[in-house]
Participant: 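Got a structure for you, written out below as structure tokens; questions coming shortly.
From a predicted model like this one, the values you see are computed outputs, not experimental measurements. Each chain gets a letter, A, B and so on, in the order the sequences are listed, and its residues count up from 1.
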Amino acid sequence: MAKGITSRSENYSQWYNDIVMKADLAENSGVRGSMVIKPYGYAIWEKMQAQLDKMFKETGHENAYFPLLIPKSYFSKEANHVDGFAKECAVVTHYRLKNGSSGIEVDPEAKLEEELIIRPTSETIIWNTYKKWIQSYRDLPILLNQWVNVVRWEMRTRLFLRTAEFLWQEGHTAHATKKEAMAETTQMINVYSEFAQNWMAMPVIIGSKSESERFAGALETLTIEALMQDGKALQSGTSHFLGQNFAKAFDVKFADKEGKLEYVWASSWGVSTRLMGALIMAHSDDKGLVLPPKLAPIQVVIVPIYKGEEQLEAIRKVANKISDSLRAKNISVKFDDRDTHRPGHKFAEYELKGVPVRLAIGPKDLEKGSVELARRDTFEKNFVSQENIDVYIENLLEEMQNSIFEKAYKFREEKTYKIDSYDEFKKQIIDNPGFYLAHWDGTTETEEKIKTETKATIRCIPLDAEDEEGVCMVTGKPSKRRVIFAKAY
RNA sequence: CGGGGCGUAGCGCAGCCCGGUUAGCGCAUCUGCUUUGGGAGCAGAGGGUCGCAGGUUCGAAUCCUGCCGCCCCGACCA
């Protein structure tokens with residue numbers, strides 16, 4: 001029995017919190033909604049970052065950095081964009097403190113002429129900059145990304161899933177044609193999908209957002225949607241086709257080959273530390289975190305079981321040899337020879353932290369030339385030979401990566417239903433949450449009605465959905481394809 | 001911002017209703033010995049502005065007033 005982890009069936013959100021805390025991923029800070037990401041949690045994020053960054057660069061993008069503080073006036077330039085973000089902006093109004101009667105206070109003398117907004121996203125400051133960079137079609141495309149923190153003053157926050165300050169990357173591209181900007185938007189949602197599925201072992205559905213769920217200022221929002229173990233959907237990454245909205249707002253024009261002035265076409269795309277939440281909820285169990293091997297900071301841990309210094313030394317020799325052979329294959333290993341904790345404690349701890357493979361080496365193994373190998377995802381344990389164990393583990397990690405994906409995929413398939421009756425839908429979405437494929441008449445009113453009555457929203461209109469003639473489950477009006485409804489985080 | 005709950009040791013809590021010696025318990029920490037193939041045992045030790053400010057009282061963690069903070073549920077959202 002895991003010490004102090006609430007089971008999923010008992011209280012899912014408590015289970016989630018317990019994992020985050022007990023696996024040492026993050027904790028709340030003194031500021032509501034702002035979290036401290038602890039070393040182990042940050043190590044996972046770094047692995048995600050490294051891979052995504054590589055994929056961005058492989059698709060021709062470069063990294064840059066734009067400032068944290070954005071003049072308030074920039075926000076008023078794109079009407080939809082302001083509407084979307086105005087309610088959740090942190091605003092800097094002063095630049096100095098002083099000693100007052102009741103301690104340190106804001107110096108009223110030091111009021112800013114123009115207030116500064118702490119970026120909730122960077123379209124405005126970036127397009128203000130692009131204006132200076134773009135004159136001709138020869139300056140295009142611009143393909144930039146930045147890894148930064150942003151602040152959105154959310155009313156209710158949850159570790160990783162929704163925090164007031166979060167880490168993310170935001171890509172911002174500028175193109176000469178609509179076609180190219182659209183292609184970029186699609187390319188990047190595919191990059192996210194590939195990352196989610198191949199690295200996070202998390203199946204996702206690619207789709208476009210309905211108008212009401214679209215990014216503020218976008219003409220089209222593509223999304224990857226994943227299903228969590230409680231049957232709720234998590235939007236895990238988005239890629240936006242911004243049309244010429246920001247170019248118009250910031251007056252960014254370029255001369256095309258004929259010398260005609262045209263507005264620039266844009267895309268933006270991002271994933272955040274919310275992916276950590278997705279990773280946790282997609283795979284973990286009542287014993288703790290389950291990590292796909294490709295994102296595990298420690299892939300193999302070796303726990304010695306010994307009596308006395310002499311035996312530990314003998315085990316250390318074997319452990320070092322195994323570690324060296326694994327590291328030669330780029331597999332991360334930790335030999336935990338702490339004398340302050342007993343083996344059982346360590347076993348539980350590494351299960352909690354989701355280390356994929358655990359080796360235990362004791363006197364029996366020294367005799368037999370074996371090790372005890374336990375895999376985190378299935379809890380299977382067996383004794384394997386020390387001979388060629390590096391090859392064995394290399395294959396095993398790959399198998400686990402696949403098997404974790406398969407499990408999540410199977411779960412999603414089991415929780416995906418076609419539904420045609422609205423009455424049935426209302427009942428099922430509560431009793432048996434999951435992805436519901438239903439016909440919808442395409443109107444915001446119907447979408448709104450469903451949201452009010454069931455709390456379910458349209459997660460996306462899947463890109464690969466087959467055409468299927470049908471009628472809207474609410475209004476009976478004609479529909480050409482099914483969309484995905486679910487309750488969402 | 002509306003509804004509910006809670007602030008007592010690093011963490012989790014009891015005590016408060018019904019005021020009364022030195023404010024307890026579990027986990028964690030420290031020391032020592034024994035232990036080590038699934039979260040060790042025993043013995044001892046350290047650690048508190050009882051959220052803050054007033055008030056009532058001979059006496060306040062406990063009663064009263066005000067303030068602050070946090071958590072949960074809703075509206076908002078990656």
Participant: Could you tell me the Watson-Crick or G-U partner of B:rU36, where both distances fall under 3.5 Å? Say none if there is no partner.
Facilitator: none

Participant: Please work out if A:Y192 contacts a base, only the sugar-phosphate, or nothing of the nucleic acid, heavy-atom cut-off 4.0 Å.
Facilitator: nothing

Participant: Where the side chain of A:E351 is concerned, which of B:rG39, B:rU35, B:rG38 is the nearest nucleotide?
Facilitator: B:rG38

Participant: Say you pick atom C1' in B:rA28 and the same atom in B:rG10; how far apart are they, in whole Å?
Facilitator: 7 Å

Participant: I want to confirm an ordering. Mapping A:G344 and A:F85 to their closest nucleotides on RNA chain B, which one lands closer to the 5' end?
Facilitator: A:G344

Participant: For the P atoms, the ones on B:rG74 and on B:rU49, what distance do you get once it is rounded to whole angstrom?
Facilitator: 37 Å

Participant: Nearest-Å distance, NZ (A:K455) to C1' (B:rA75)?
Facilitator: 11 Å

Participant: Check the distance between B:rC1's C1' and A:K87's NZ and give it to me in whole angstrom.
Facilitator: 14 Å

Participant: Could you please name the partner base of B:rC76, counting Watson-Crick and G-U wobble pairs only when both distances are under 3.5 Å?
Facilitator: none

Participant: Rounded to whole angstrom units, what separation is found between the CG atom of A:D24 and the P atom of B:rG39?
Facilitator: 21 Å

Participant: Should the ring pair A:H61 and A:W269 be called parallel, tilted or perpendicular, given that the plane angle runs from 0 to 90° and is split at 30 and 60?
Facilitator: perpendicular

Participant: Once you apply a heavy-atom cut-off of 4.0 Å, does A:T163 come out as touching a base, just sugar-phosphate, or nothing?
Facilitator: base

Participant: Tell me whether the guanidinium CZ or amine NZ of A:R412 lies under 6.0 angstrom from the six-membered ring centre of A:F435 and within 45° of its axis.
Facilitator: no

Participant: Does the base of B:rG38 carry an N or O that pairs as donor and acceptor with the side chain of A:R358 under 3.5 Å?
Facilitator: yes

Participant: Among A:R358, A:K346, A:R376, which residue meets the salt bridge (charged side-chain N to carboxylate O under 4.0 Å, His left out) test with A:E351?
Facilitator: A:R358

Participant: For a quick check of understanding: with a heavy-atom distance under 4.0 Å over all strands, which category does A:K209 fall into, base, sugar-phosphate or nothing?
Facilitator: nothing

Participant: For nucleotides B:rG24 and B:rG48, find the distance between their P atoms and express it as a whole number of Å.
Facilitator: 13 Å

Participant: Please report, rounded to the nearest Å, how far the C1' atom of B:rC1 is from the CD atom of A:E154.
Facilitator: 16 Å

Participant: How long is the line joining CE of A:M202 and C1' of B:rA78, in whole Å?
Facilitator: 13 Å

Participant: If the P atom of B:rG4 is compared with that of B:rU8, how far apart are they to the nearest Å?
Facilitator: 22 Å

Participant: When the ring planes of A:F246 and A:F250 are compared, do they come out parallel, tilted or perpendicular, using 30° and 60° as the limits?
Facilitator: parallel

Participant: Taking the side chain of A:A360 as its heavy atoms from C-beta onward, which of B:rG39, B:rG37, B:rU36 lies nearest to it?
Facilitator: B:rG37

Participant: When all nucleic acid strands are considered with a 4.0 Å heavy-atom cut-off, which category describes A:F166: base, sugar-phosphate, or nothing?
Facilitator: base

Participant: How long is the line joining CG of A:D83 and C1' of B:rC76, in whole Å?
Facilitator: 14 Å

Participant: Over 60° means perpendicular and under 30° means parallel, so classify the ring planes of A:F485 and A:F425, tilted if in between.
Facilitator: perpendicular

Participant: Could you give the CE-to-P distance, from A:M21 to B:rG10, as a whole number of Å?
Facilitator: 17 Å

Participant: Does B:rA61 have a Watson-Crick or wobble mate here (both distances under 3.5 Å), and if so which one?
Facilitator: none

Participant: When both hydrogen-bonding distances must be under 3.5 Å and the geometry is Watson-Crick or G-U wobble, what is B:rC67 paired with, if anything?
Facilitator: B:rG51

Participant: Quick check: does any side chain N or O of A:T186 sit under 3.5 Å from a backbone N or O of A:M182, one acting as donor and the other as acceptor?
Facilitator: yes

Participant: Toward the 5' end of RNA chain B, which comes first, A:D365 or A:S236, by nearest nucleotide?
Facilitator: A:D365

Participant: Please give the distance between the C1' atoms of B:rC11 and B:rU57 as a whole number of Å.
Facilitator: 36 Å

Participant: Applying a 4.0 Å non-hydrogen cut-off, can you work out what A:T238 is touching in the nucleic acid: base, sugar-phosphate, or nothing?
Facilitator: nothing

Participant: For B:rC72, does either OP1 or OP2 sit under 4.0 Å from a side-chain N or O belonging to A:R158?
Facilitator: no

Participant: Take the protein atom OH of A:Y489 and the nucleotide atom C1' of B:rG74, then report the distance between them rounded to whole Å.
Facilitator: 17 Å

Participant: In whole Å, what separates the P atom of B:rA45 from that of B:rG38?
Facilitator: 33 Å

Participant: Considering only heavy atoms and no angle criterion, is a donor-acceptor pair shorter than 3.5 Å present between the side chain of A:E349 and the base of B:rG39?
Facilitator: no

Participant: Look at the side chain of A:K346 and the base of B:rG37, then say whether one donor and one acceptor between them are separated by less than 3.5 Å.
Facilitator: no

Participant: C1' atom, B:rA60 versus B:rG19: distance in rounded Å?
Facilitator: 6 Å

Participant: For the aromatic rings, using the six-membered ring if either is Trp, is the centroid distance between A:F215 and A:F241 under 6.0 Å?
Facilitator: no

Participant: Take the angle between the ring planes of A:W15 and A:Y12 and call it parallel below 30°, perpendicular above 60°, tilted in between.
Facilitator: tilted

Participant: Considering only the C1' atoms, how many Å lie between B:rG26 and B:rG47, rounded to the nearest integer?
Facilitator: 15 Å

Participant: Classify A:P363 by what it touches in the nucleic acid, base, sugar-phosphate, or nothing, heavy-atom distance under 4.0 Å.
Facilitator: base

Participant: Counting Watson-Crick and G-U wobble pairs only, both distances under 3.5 Å, name the nucleotide matched with B:rG46, or none.
Facilitator: none

Participant: Taking pairing as Watson-Crick or G-U wobble with both contacts under 3.5 Å, can you name the mate of B:rC13, or confirm there isn't one?
Facilitator: B:rG24

